[in-house]
Amino acid sequence: MITELRLENWKSFGDATLYIDPLSILIGTNASGKSNVLEALQFLNSMLHGKIKDSVAAMRGGNDWLIKKPSTSAKLSVTVDRVYECAIVFDVVDGDLRIKNQTIKINGIIKFESKFNQQFVMLEAYNDEHDLELFHALENMFYSLSNITLLNPIPKSMRGFSPVLVKLKEDASNIAGVLAALSPEKQQEVEEVLTQYARRLPESEIQRVYAEKVGKLGKDAMLYCDEKWGESGEIFTVDARAMSDGTLRFLAILTALLTLPEGSLLAIDEVDNGLHPSRAHLLLEALQTIGKQRNIDVLVTTHNPALLDALGTEFVPFVTVAHRDSITGESKLTLLEDIEQLPKLLAQGKVGKLSTQGLIEKSLESVHG
């Protein structure tokens with residue numbers, strides 16, 4: 001699984017490293033660089049699947065802002081299982097992305113190198129079947145990079161019928177189709193977990209969450225939930241069209257955790273967007289518990305005080321702060337536990353309060369300024 005991501009001259013970053021744990025939380029003010037980190041993961045995943053041009057075109061700024069100015073090239077490095085490293089150096093010439101160099105290292109030693117090759121180096125290196133150590137490294141890196149999922153649930157897209165597909169889309173528009181594509185046993189198991197968490201939502205008494213195929217051919221599906229309303233205890237069935245934005249986003253995150261392949265990395269930008277503050281503890285519990293049970297690493301960004309306040313002191317080692325250098329303006333990543341003034345800061349309140357008052361960023365400015 002991916003354990004480190006290093007960014008060199010990538011977008012707003014000069015040289016920064018993100019350490020990835022089973023649950024990693026990235027905090028920081030707007031424009032601090034949080035989304036740029038997720039886009040680096042998207043870049044690597046898209047390159048592996050040969051979709052790099054479409055991926056970059058969808059990023060903010062496109063090719064023109066991939067490389068931090070005035071630099072002429074950028075480098076992305078990813079470490080898997082703390083042993084294997086794949087690094088990619090690229091530039092942009094006449095508006096076109098050009099891969100300059102790719103290397104694969106094992107325990108810091110270069111095992112394979114390719115220059116000016118637009119094909120992902122892993123695919124080329126697979127041709128060397130005699131180096132079993134390299135082949136094992138490639139298998140681990142290929143699996144880890146191919147199972148990066150960036151999730152951005154959009155409730156409006158989730159309200160209609162969705163095609164029955166195995167893979168969850170980035171906007172979670174096919175949540176019902178993913179559930180319906182599972183085997184009957186697996187679908188029942190997943191829907192039971194969804195229901196267990198949904199019952200703890202504060203807005204209504206949800207009795208069951210499930211998806212069913214619709215139409216004569218059963219190629220589409222709809223998401224439903226049964227709710228108990230009023231003193232009579234009568235059960236009403238509600239489909240996705242009538243569910244709240246917060247409920248749909250919450251169910252999308254849970255569905256991703258419950259259906260992605262084991263060993264995946266699930267990255268969610270502004271994980272609590274649209275969720276009521278009272279759900280912060282429940283969301284955090286789901287990310288930690290289900291992620292651990294299914295061996296799925298989770299990376300989330302947030303600046304919601306409620307979620308940050310829900311973090312106990314045991315989460316401090318897994319929080320990274322994205323911030324801007326007050327002199328150079330470049331983005332940096334600093335582990336919360338590495339802030340020298342942290343004990344003094346925590347004495348003033350929880351992480352959410354510190355973030356709301358800007359005290360974390362001020363302490364970093366005093367160090368880097």
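- Taking a 6.0 Å sphere around NZ of Lys69, one finds it holds more than 12 heavy atoms contributed by other residues, nucleotides or ligands.
- By the rule that hydrophobic residues join a cluster once side-chain heavy atoms approach within less than 4.5 Å of another member, Val89 and Phe112 end up as members of separate clusters.
- For the pair Asp297 and Leu266, the minimum side-chain heavy-atom distance is 4.5 Å or more.
- The side-chain heavy atoms of Lys219 and Pro163, taken from C-beta on, include no pair separated by under 4.5 Å.
- Remark: side-chain polar atoms of Lys34 are paired, donor with acceptor, to backbone N or O of Gly28 under 3.5 angstrom.
- At distances below 3.5 Å, at least one donor-acceptor pair connects side-chain atoms of Ser183 with backbone N or O atoms of Lys186.
- Side-chain atoms of Asp309 come within 3.5 Å of backbone atoms of Gly352 as a donor-acceptor pair (strictly under, hydrogens ignored).
- Screening Ile253, Leu254, Leu248, Thr247 against Phe250 for a side chain to side chain contact (heavy atoms under 4.5 Å, CB included) leaves a single residue, Leu254.
- The two residues Ala198 and Ile206 make their nearest non-hydrogen contact at O-CD1, 3.8 Å.
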Open item on the list: For Leu364 and Asp325: C-alpha separation, side-chain torsions, deciding distance, then whether side chain to side chain contact (heavy atoms under 4.5 Å, CB included) applies.
Closed with: CA-CA 9 Å; Leu364 289 168; Asp325 187 285; over 6 Å; no
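- Under the 4.5 Å side-chain heavy-atom criterion for Ile, Leu, Val, Met, Phe, Trp and Tyr, Ile290 and Ile175 are members of the same hydrophobic cluster.
- Put simply, OG on Ser326 and NZ on Lys362 are 14.0 Å apart, with the number rounded to the nearest 0.5 Å.
- Considering only heavy atoms from C-beta on, Lys292 stays 4.5 Å or farther from Gln288 through its side chain.
- In this structure, Ser144 OG and Glu139 CD are separated by 11.5 Å, a value rounded to the nearest 0.5 Å.
- The nearest pair of heavy atoms linking Asn9 to Ala74 is O-CB, 3.3 Å.
- For the atom pair Met1 CE and Asp81 CG, the distance stands at 8.5 Å (nearest 0.5 Å).
- Side-chain contact, Ser331 with Ser12: a donor N or O sits under 3.5 Å from an acceptor N or O.
- Side-chain contact annotation: Thr302 with Asn304, donor-acceptor N/O pair under 3.5 Å absent.
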Task: CA sep, side-chain torsions, deciding dist, call: Leu66, Met59, side chain to side chain contact (heavy atoms under 4.5 Å, CB included) - done: CA-CA 9 Å; Leu66 285 182; Met59 293 181 185; 4.1 Å; yes
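- At least one donor-acceptor pair under 3.5 Å links the side chain of Asn140 to the backbone N or O of His136.
- Salt bridge present: Arg200 and Glu285 bring a charged side-chain N and a carboxylate O closer than 4.0 Å.
- Panel note: side chain Arg159, backbone Met243; a donor-acceptor pair is recorded below 3.5 Å.
- Residues Leu97 and Leu41 fall within the same hydrophobic cluster, defined by Ile, Leu, Val, Met, Phe, Trp and Tyr side chains chained together at heavy-atom separations under 4.5 Å.
- Using modelled atom types, no side-chain atom of Asp226 and backbone atom of Arg208 make a donor-acceptor pair closer than 3.5 Å.
- With Leu151 as the partner, the side chain to side chain contact (heavy atoms under 4.5 Å, CB included) test is satisfied by one option alone out of Leu257, Ile268, Val300: Ile268.
- Among all heavy-atom pairs drawn from Met47 and Gln102, the shortest one is CE-OE1, 3.8 Å.
- Between Lys167 and Val178, every side-chain heavy-atom pair lies at or beyond the 4.5 Å cut-off.
- Checked for salt-bridge contact, Glu330 and Arg324 miss the test: no charged N lies under 4.0 Å from a carboxylate O.
- Here the closest non-hydrogen pair linking Glu337 and Pro317 is OE1-CB, 3.5 Å.
- Side chains of Gln187 and Glu191: a donor on one and an acceptor on the other come within 3.5 Å.
- When atom types are taken as modelled, the side chain of Lys11 and the backbone of Gly61 share no donor-acceptor pair closer than 3.5 angstrom.
- In summary, Glu205 and Arg199 do not engage in a salt bridge, as defined by a charged side-chain N under 4.0 Å from a carboxylate O.
- With hydrogens and angles left out, the side-chain atoms of Thr29 and Ser32 include no donor and acceptor closer than 3.5 Å.
- Using a 4.5 Å heavy-atom threshold, the side chains of Ile88 and Leu44 count as touching.
- With rounding to the nearest 0.5 Å, the separation of OG in Ser264 from CZ in Arg294 is 7.5 Å.
- Connection of Leu182 to Phe161 is not established within any shared hydrophobic cluster, with ILVMFWY side chains joined at heavy-atom distances below 4.5 Å, either directly or through further cluster members.
- Atom-to-atom distance recorded for Asn174:CG and Leu223:CG is 11.5 Å, nearest 0.5 angstrom.
- Geometric assessment of Lys68 against the ring of Trp65 yields a negative cation-pi assignment under the 6.0 Å and 45° thresholds.
- Ion pairing of Arg6 with Glu4 is absent here, as no side-chain N (NZ or NE/NH1/NH2) approaches a carboxylate O to less than 4.0 Å.
- With Ile27 as reference, Leu308 is the one residue of Leu308, Thr320, Leu354, Leu311 to meet the side chain to side chain contact (heavy atoms under 4.5 Å, CB included) rule.
- Between the side chains of His323 and Thr334, at least one donor-acceptor pair of N or O atoms lies under 3.5 Å.
- You'll find the side chain of Asn152 reaches within 4.5 Å of the side chain of Arg249, heavy atoms only.
- Val271 and Leu275 get closest at one heavy-atom pair: O-CD1, 3.9 Å.
- Of the listed residues (Ser157, Pro155, Pro153), just one forms a side chain to side chain contact (heavy atoms under 4.5 Å, CB included) with Asp171, and that residue is Ser157.
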Open item on the list: Before you tell me yes or no, could you show the steps for Glu39 and Ser55 under side chain to side chain contact (heavy atoms under 4.5 Å, CB included), namely the whole-Å CA-CA distance, both residues' side-chain angles and the distance that decides it to 0.1 Å?
Closed with: CA-CA 9 Å; Glu39 288 187 340; Ser55 176; over 6 Å; no
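- For the pair Ser363 and Leu345, the tightest heavy-atom approach, listed with the atom from each and the gap, is OG-CD1, 3.8 Å.
- Of the N and O atoms on the side chains of Asn107 and Tyr84, not one donor lies less than 3.5 Å from an acceptor on the other residue.
- Under the 6.0 Å cut-off for aromatic ring centres, Phe43 and Phe90 qualify, their centroids lying closer than that.
- Asp272 contributes atom CG, which lies 8.0 Å from atom NE2 of His303 (distance to the nearest 0.5 angstrom).
- Residues Val80 and Thr3 fail the side-chain proximity criterion, which asks for heavy atoms closer than 4.5 Å.
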Open item on the list: Go through it in stages, so that I can follow the logic: the residues are Thr72 and Asp91, the test is side-chain hydrogen bond (donor to acceptor under 3.5 Å, both in side chains), and I'd like the CA-CA distance, side-chain angles, deciding distance and then a yes or no.
Closed with: CA-CA 6 Å; Thr72 58; Asp91 60 12; over 6 Å; no
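- Side-chain contact between Asp220 and Val164 is absent, with no heavy-atom pair separated by less than 4.5 Å.
- Checked by atom type and distance alone, the side chain of His276 pairs as donor or acceptor with a backbone atom of Ser278 at under 3.5 Å.
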Open item on the list: Under the criterion side chain to side chain contact (heavy atoms under 4.5 Å, CB included), I'd like the reasoning laid out for Thr255 against Leu194: C-alpha separation, chi angles, the key distance, then a yes or no.
Closed with: CA-CA 8 Å; Thr255 299; Leu194 290 176; 3.9 Å; yes
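- At a threshold of 4.5 Å between side-chain heavy atoms, the hydrophobic network of Ile, Leu, Val, Met, Phe, Trp and Tyr places Leu23 and Leu335 in two separate groups.
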